[in-house]
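Data block below; observations after.
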Amino acid sequence: MKTYAPALVKEIKRTPGLKGLIVSARQDVAYYYAENAEENICAMWIEACQFGKTVAYPCMLKVKEDIMIYRSKAAANSFEKDSNKKMMTAWAVFMKPADFGSFTLSRMSDDDFAAKLKTYTPNV
């Protein structure tokens, strides 16, 4: 299963050189929260470079009252694996780069991002 999606903001540029082609440096990562109040959708994701291309790593998607969280330990648990698949499918539907203009966007620090994500995952 793919763990990334097309970048939405595309502010991140890769670090020059061979290392920058393979992995993102810490300064080459951005944390985002976006909300579409009209549609009752909010999302959290990380954008970074992967093999020279900027991609989004979805972390949380809330559509109306349905909160979907991407779990990185999905390989160990089939329920979480199915939940991740559901989230990535919903992300492709609700978080299209072409339709992103209707969202209010906030760029966050990594600490603020982690704290906000925790409010959606209190039992994790």
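No experiment lies behind these values; they were computed from the predicted model shown.
Residues Asn40 and Glu65 approach most closely at ND2-OE2, 4.3 Å, considering heavy atoms. For the residue pair Lys86 and Asp66, the shortest heavy atom distance occurs at NZ-OD2, 3.1 Å. In terms of heavy atoms, Cys59 sits closest to Phe113 at SG-CZ, 3.8 Å. Listed here is the closest heavy atom pair of Ala48 and Val29: CB-CG2, 4.1 Å. Between Ile69 and Met87, the shortest heavy-atom distance links the atoms C-SD, 3.7 Å. When all heavy atoms of Tyr70 and Pro58 are compared, the closest pair comes out as CB-O, 3.4 Å.
One side chain, Tyr32 or Glu11, offers a donor N or O that lies under 3.5 Å from an acceptor on the other.
Although no hydrogens or angles enter the test, the distance criterion places no donor-acceptor pair under 3.5 Å between the side chain of Asn36 and the main chain of Phe103. In terms of modelled atom types and a separation under 3.5 Å, the side chain of Glu47 and the main chain of Lys10 share a donor-acceptor contact.
Atom CE of Met44 and atom OG1 of Thr119 lie 7.0 Å apart (nearest 0.5 Å). A distance of 8.5 Å separates CG in Leu117 from CD1 in Ile46, rounded to the nearest 0.5 Å. Within the model, atoms CD of Glu39 and OG of Ser102 stand 7.0 Å from one another, a figure rounded to the nearest 0.5 Å.
Trp91 has its side chain out of reach of Val93: every pair of non-hydrogen atoms, C-beta onward, lies at least 4.5 Å apart. Here the side chains of Glu35 and Ser106 are not in contact, with every heavy-atom distance at 4.5 Å or above. Residues Leu105 and Leu8 form no side-chain contact, since every pair of their non-hydrogen atoms from C-beta on lies 4.5 Å or further apart.
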Applying side chain to side chain contact (heavy atoms under 4.5 Å, CB included) to Arg107 and Tyr31, what does each step give before you reach the verdict? CA-CA 6 Å; Arg107 186 168 175 173; Tyr31 302 86; 6.0 Å; no
Run Lys62 and Ile41 through side chain to side chain contact (heavy atoms under 4.5 Å, CB included) and show every step you take. CA-CA 5 Å; Lys62 180 178 178 237; Ile41 299 169; over 6 Å; no
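Aromatic ring centres of Phe100 and Trp45: separated by under 6.0 Å.
Both cation-pi conditions hold for Lys116 and Tyr33: the charged atom is under 6.0 angstrom from the six-membered ring centre and inside a 45 degree cone around its axis.
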